[in-house]
Amino acid sequence: MNPIEGLLYGLELVFTPELLLAAFVGAAAGTAIGVLPGLGPVAGAALILPLTFTLPPAAGLIMIAGVYAGSMYGGSTTSVLMNMPGEAASVVTAIDGYEMTRKGRAGPALSIMAVGSFIAGTIAIILVTLMSPIVAEVAFLFGPAEYLALTGGGLLVLARVAGGSTASGYFPMVLGVLLGTVGIEQVTGVFRYTFGLQELALGFSLVPVAVGLYGIAEIFLIMEDPERATRIKSVKLRELLPSREEWRRAWAPWGRGSLIGFFFGLLPGPSATLSSFAAYRTEQAVSKNRDRLGKGAVEGVAGPEAANNGAAVGSLVPLLSLGLPFSATFALMLAAMVVQGIQPGPLLIEQRPDIFWSLIASMYVANVMLLILNLPLVGVWVSVLRIPKSLLMPGIMVIAVIGAYSTRFSPLDVWVLVIMGALGYLLRKLDFALASMIVGLVLGPFIEKHLREGLFLSRGDFSYFLDSGISIGIWSVAVLVMLGGPIWKLVRRRIVGEESDKVKLEVED
Amino acid sequence: MKKHTLRGALAAASALALVACGGDAGTDDTDVAAAGGDEARWQPERPITYIIPYGTGGSTDPIGRQFASQLEEELGVEVVVENREGGAATIGTTGIVTAAPDCYTIGLSNDTALANQPLLNPDLPFQTTDDYTSLVKLADIPVVLAVDADAPWQTLEEFFAYVEENPNEVGYATSGVGGTPDTNAKLLEIRSGLELNRVPFSGGGGEALTAVVAGEVESIGTYYPSMQGFVDSGDLRPLGVFYNEEYEPVPDLPLIPEIYEGAAKPSAYYTIAPANLPEECRDTLVEVSREIVESGEFRAFAEENGYVVDPIQLEELAAEIDEYRPIFEELEGSDA
Amino acid sequence: MSPQSPTGSTRAGRPALDSKRRGRIIAGTLGLLLGVWFSWYTWVNVPFGTQERPGAGVFPLFVGLLMIAVSLLTIAEAWFTDQVSGEINFPKGEKLRTVLLMAVALILLITFYQPLGQYVASVLFMIAALFVLGTRSWVRNVVYGTAIGVGISAFFVELLGVRLPMGLLGPTGLIGGLFW
């Protein structure tokens, strides 16, 4: 069966009332969980997973797909409304999304996200359908050397993703990498920097760090300066929908974001996070409105949101054709499949085309459901901002504490949440870029892992890391992007003169 | 296997004699000869917590959940699964061992957490088998050695012969230093004098598998279910198994300990509880957990997932854990 | 956070060090101390392995040295350039009181989170927060605080089935023990 027939066959299988209901329930539950600060896709899928064990295979999987898509979207919703990313992939959305909210454009930002996620889902599904057999092999082209180039180069490129001065980006970034080394070491299992605290062995979990740095700090900033918070007077339909200009500006970032996301999805590692940051960075480099990024630009929301959804769909390729789950949520999905007696692997598409294509189709249906569910809900989410601050702020704090605690049932995480809140407050007062710290914390452990793996593999030979065309290529691009910006600025300054000297990127604050 | 079943049966019989109770109401799991009144049977009054020291959806999660769901059926109360991952299973295991000894908190643990980790970390609250109740062993799962299908070695002998002539040259991908696949290779190196280049990949992302299928590393040690897809598709060739008896999922696979004696250390999963449980509930848990592991449902689950069921309990189980300690000590002591 | 202004730092025509730049110098200094301590601790305590089989200390040592480097960069940037400059506004008066009281309430919440349990701790926190942030109407604060605290807790515990600490209300708790 060719891919098109396969997809149609899959859609046919999926269009039953039960499966559509499962997709709807999954998307709704996912969104509901995702909008709670501190509860993201992994928490969402983990909560739903035991429930899916009791459902028939297709329904269970479609529900998890719905939860995944829903919670990604929900996580970004809080980024936009309250500067409180639900997970790492939403961090970058907060930069421009929250600025849009402060300008009273929360509704358009959410609509752009919802439509962007759907478009990225569609593009990625088409790519999966047409290219699945070919791109499955991409993961085999990447060994430790290439992954080191990707994560290490990514770190260099993304350190200054939020703009600001050199130190504003690199100082928090290295701090993030440093925090990432705490806990049991992944390759040899050595406990380090735990100081006898059992719970520190797990390291710093991203959720309390991100919610603390952003959310808790934000609440205190609002408390001391109520003007900072947005006031939504009315929720009129016209104000919820993007203007014609905003639509127009979203198209190109959607397309670029989808492709970037799909590509990163093919690879292991933090693909959703990496791709959303990479999409933002791409917009900084190529968008016509790059000067407006960081100040509430549509592009800064459209690109990353398309990318993280593209990555979610792209990750289906290695999951289904290799049986390799490249993210925590997909590990849960794999678990759900195994419980149902399905073992994904190279032969899945031949032996169980029904499962393969219905999964692809179900991912798509989940995307459609999400759009149907969330466009009407935009008004509801925006109305959240109308809740009196005196109720909303402590309520969010309670939820953040629950979120931090429930990720790993660790009281330590709750303390991390509050300490990071204090750190985030101070760093923001000093104009350091918090997004860079998250990048460091996410990518640091991967860099160490790939570096060590590579050294083990090559018996300590560093030249191994520059032994392949792919890794040399990635490093070149990274260095070019890192140095290219300043050099270009310098050149432009010479040409345009003193005028552009005043153009200074602001940190997100 | 046979030996163990026999021992299991003996343990079962003695447990029965001790408690003189059995036949559980409400289920038809009666492949254990059990008779007697219900008066001694403990009936929990609130939900029981079953701690799994691994993440939700991890490769070890299902066996714990299988046991917990059957426990729920057997006892007729809700059994809540709590995943507490990390620290090579020591965090969850600490949670079980330090819980109130009231039979309302039990959980899953394994041989490395119980026999190896105490050697590395003297602060752990489970230093000896007296620090917890060894309720039942759920299963063993051995490590299978496989090579990239494009590699020249067709048989285990060819592979070992090549490694012997070219020490430290052949790569062996593992899921991380100290994990069971790595431990088995290290044990093999000690017993045989061979030298492999053990490359630890980390994480459950199947990166070790990818590296072997991509040809980046020549061989791999891992559990059969995770490699099965690649074996079926012809990308990997299993050569042998680190196990003392025939491994049913791949019946004809050569046994590595037949060539190098003692080179086998399967991963083993146990259900444990805090020490000093009240006698009444302890006896009920001991009995119920044996019934679960011996049930047809559990066996079917094990078979499907490459596990080898081995329902030994209490002193016998504690003895197995104690037997593993010197092996781990030897491994820690060697600088291979 | 507000050190003595180094008078006479305006030499060479540079503008005075404002509070943001001074703050960043302090942050850089703290970072430097962290980097030095972290590198030392790694050197002494974490195994380095061999080049063929690098140990757990290699990468952290590199990160520690990098921390020292970026801290020096931060100090230098703040000292010599005005790329990031301005005054830091910390809250004053009434606002300062609000912020401090809420910080104390939050710390109390997490300190007593486990012993009191989700329901009790969040209700007490909500009531306290409403007194700090909201009106002074006693009845309103208690009613709203209880309703929101119980609502949020019930949503997670009962609806989503998240296992949160039950504390006093749990089966072994002071109050819950009477009912279970």
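Naming: A, B, ... by sequence-line order, numbering from 1 per chain. This one's a predicted model, so the numbers in the text were calculated from it and none came from an experiment.
With a 4.5 angstrom heavy-atom cutoff, Gln66(B) does not touch chain A via any of its atoms. For Tyr464(A), the part sitting under 4.5 Å from any heavy atom of chain B is the side chain, from C-beta outward, and nothing else. Contacts between Asn197(B) and chain A at a heavy-atom distance below 4.5 Å involve the side chain alone, from C-beta outward. Residue contact with chain A, scored on non-hydrogen atoms closer than 4.5 Å, is absent for Asp182(B). Residue Leu120(B): no heavy atom, backbone or side chain, is found under 4.5 Å from chain A. With a 4.5 Å cut-off on non-hydrogen atoms, Glu169(B) touches chain A through its backbone and its side chain both.
No side-chain heavy atom of Pro200(B) sits under 4.5 Å from any side-chain heavy atom of Arg452(A).
A distance-only check finds no donor-acceptor pair linking the side chain of Arg84(B) to the backbone of Ser410(A) [under 3.5 Å].
Phe140(A) and Ala214(B) get closest at one heavy-atom pair: O-CB, 3.4 Å. Shown here for Val170(B) and Arg459(A), the closest heavy-atom pair between the two residues is N-NH2, 4.5 Å.
Atoms CG and OG1, on Leu141(A) and Thr210(B) in that order, are 12.0 Å from each other to the nearest 0.5 Å. Between the CD atom in Glu453(A) and the CD atom in Glu216(B) there is a gap of 9.5 Å [rounded to 0.5 Å].
Between chain A and the options Val217(B), Thr174(B), Asn168(B), the largest number of non-hydrogen pairs under 4.5 Å is found for Asn168(B).
Residue-environment remark: CD (Gln127(B)) exceeds the threshold of 12 foreign heavy atoms within 6.0 Å.
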